[in-house]
Q: 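After the structure tokens below, expect a handful of questions from me.
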Amino acid sequence: MTTEHLETRAFEADVARLLHLMVHSVYSTPDVFLRELVSNAADACEKLRQSALTEPALLGDDPALKITINVDPDAKRLVIEDNGIGMSREELIENLGTMARSGTEKFRQALEEKDAGKALIGQFGVGFYSAFMVAHEVVVDSHAADHESAWRWRSDGSGEFQIEPSDDAPRRGTRVTLMLRDEHTDYADEAAVERLIKHHSAHVPVPIVVRKAGEETARELVDGTALWARPRSEITEEEYTEFYRFTAGAFDTPALTLHTRAEGRQEYTTLLFVPEMAPFDLFDPDRKGRMKLYVRRIFITDDAPLLPGYLRFARGLVDSEDLPLNLSREMLQTNPMLAQIRSATTKRLLTELRKLADNKPETYAKVWEAFGAVIKEGLYEDAERRDELFAITRFATTKAPEGGRTLAEYIADMKENQTAIYYVVGEDPERVAASPHLEGFAARDVEVLLLSDPVDAFWVRTALGYEGKPFKSVTQGSADLDAIAKKHNDHQVPEEAKASDVATLSALVKQTIADRVSDVRASSRLATSAACLVAPDGGYDRQMEKIVSRHGKGGFGVKPILELNPGHPLIRTLAARAANGGSADKIADAAWLLLGSAEILDGETPSDPAAFNARLLSVMGQIFTGPGPSDHADHISVGDGSGADA
Ligand code: ADP
Ligand code: MG
């Protein structure tokens, strides 16, 4: 259903916002627009080449794919033309009128903030719309390879675009005409264009020629040979970097470049890069990789499963000499040759990452910072490679809260009688580090892994351990801490309540809150807090349960154990009272308040906030509105006894 007349349409709201940003951006290097347009033209040529594999007629009498750049300084015009796949009317509307790009959600969010939007332009490029950084008007004439009619799309970058039949389109493909703003007429200068193309687009796998208005002949700037087909020794680091930036649409320098040629059972070339910076769509739910598959230099797809999801941050390509050209979608999933390439590529990349971690720890630290949370998905998904993955995994721990610890270092530093690798898990790194459950570990100088990425809750449940040491949560079961000696220089060895008194208190407390906990007992994992909640022996970590159930994978609903700190002045007082058979209702108040405060420490709301609040106010009332002599002990003990606020 097409309209034969000019039609004006509004841009999708997000596009309009993005365009506004482009037009008003004071971004210092608008150069990138040319790279974006050239890369679209090259993509269009590669798509046509690929479609022609099954439908050779599409190439017609014009099989030599190329990109032509026309410069016209007098008319202040720059034209980028390709004889690729072209766009139909519907495609022009969809592709150039909406935000039909991947990672859209993050992108939308970032757009909300103007400055973030600017940073996005700087970091990721924004495709076609970047043309409006330099042009006051953009005209796109396109003739789709399998269509009769050609269409013209035109916009001045304000809220609307026009679409109408085109009588001046290429015979096949797309012509993008930029009417340059006065301050950007430089881009119609042949030498400037040549410099930019050689710099940014030298390895486009499609030849690029430039022609000046009024001249007959075009000059070749790029010959279109594939960079990856050349021997490694002939390629400079700059060439690799530019190629990476071009193919990945990135602006950073790759942290790792891997260019190898496999020979033997199968022959293929791999060229892949690990970026230094995370792209905005890293956590896209579809978790697609960005690796391109070529067969004998012909682009096949950017959707082939060449790496597992947890290595989706790698960018690059595989070019196979042996795969058939007509790989169907199903074959991509099931072809055994491709599966072998995937497995070898995965292994190789993990080896290279490990070498990078060993030899260039600072560079690796950046990779980990950007992609660690993704790599950790592999700990959960790829049990077979878990040990390889552990070797490149870095942790924040109580000894190194800023991160960078390895499990090997952890193991080497384990204390005498320590049998497990301890961790604490939660969603907020700061809160995780401040968890009361860590106190007893700190007193014994036992290192604890601080796990605060969402994926941590998943892998740590399934990983069996590392070098024979199991992973164990600090909030799980009895922590076996008694076997480990406390630090000698712990000058404040607290006076502890008598064990039998604590047992009596525990029994009374348990009676009161029996519906909510499975047990109440003395703790060795606390030092300064009065009480905390832990999972029962053999039960799952409590924070983890919360995270898991939030991710819809089912919680377990087991009741926690309330642990009391016999060294805390309040517990000492309460234990002594309990042993003397004193004030049962005060102990009941204390039981509920201790439970509520332990819930708060876990980042929860007391399960009956109103009752908790009423009880708290009533106890405060007793303190501040003139206590009876027998209550005196309570308000001295309410502090944490550390004297830290002195
Ligand atoms: P991206 O290239 O990342 O998809 P762009 O904004 O650069 O995003 O382009 C949007 C879409 O417009 C492309 O995906 C493509 O479908 C279409 N497109 C842009 N330029 C061309 C072209 N020269 N030939 C054919 N299609 C094009
Ligand atoms: Mg593009």
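Every number for a ligand or one of its atoms is a count from 1 in the order of the listing.
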Q: Can you tell me how the ring of H184 sits relative to the ring of Y187, calling it parallel under 30°, perpendicular over 60° and tilted otherwise?
A: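 Aromatic pair H184/Y187 classed tilted.
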Q: Within less than 4.0 angstrom of ligand 1, does E36 place any heavy atom?
A: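 For ligand 1, residue contact (heavy atoms, under 4.0 Å) with E36 is absent.
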Q: Does R35 reach the main-chain N or O of I197 with its side chain, forming a donor-acceptor pair under 3.5 Å?
A: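 Judged by distance alone, no pair lies under 3.5 Å.
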Q: Any N/O/S atom, side chain or main chain, of S39 closer to the Mg ion (ligand 2) than 2.8 Å?
A: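 Checking the Mg ion (ligand 2) against S39, no N, O or S atom falls under 2.8 Å.
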Q: Who gets closest to atom 23 (N) of ligand 1 by heavy atom: D82, D43, L48?
A: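 Minimum heavy-atom distance to atom 23 (N) of ligand 1 goes to D82.
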Q: Can you figure out which of V38, N83, I67, N95 has its heavy atom closest to atom 16 (O) of ligand 1?
A: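 It is N95 that holds the nearest heavy atom.
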Q: With atom 2 (O) of ligand 1 as the reference point, say which of L37, T174, L96, N40 has the nearest heavy atom.
A: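 Heavy atom nearest to atom 2 (O) of ligand 1 belongs to N40.
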Q: Distance under 4.0 Å to a non-hydrogen atom of F128: what atoms of ligand 1 satisfy this?
A: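 So the answer, numbered in order with elements, is 5 (P), 6 (O), 7 (O).
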Q: Verify whether the ring centers belonging to W228 and Y268 lie closer than 6.0 Å.
A: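 When the ring centroids of W228 and Y268 are compared, they turn out to be at least 6.0 Å apart.
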Q: Just checking, is any N or O donor in the side chain of S149 or W151 under 3.5 Å from an acceptor N or O on the other one?
A: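 Yes, because at least one side-chain N or O of S149 sits under 3.5 Å from a partner of the opposite role on W151.
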Q: Any side-chain donor paired with an acceptor under 3.5 Å for S320 and D322?
A: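 No pair is found: no donor N or O on one side chain lies under 3.5 Å from an acceptor on the other.
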Q: Would you mind running through ligand 1 and noting each atom that sits below 4.0 Å from a heavy atom of G127?
A: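 In order of number, 5 (P), 6 (O), 7 (O).
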Q: Could you check whether the rings of H259 and Y240 sit parallel, tilted or perpendicular, using 30° and 60° as the cut-offs?
A: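 Ring orientation, 0 to 90° scale: perpendicular.
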Q: Using a 4.0 Å cut-off to any heavy atom of M87, which atoms of ligand 1 qualify?
A: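 Answer for ligand 1: 17 (C), 18 (N), 21 (C), 25 (C), 26 (N), 27 (C).
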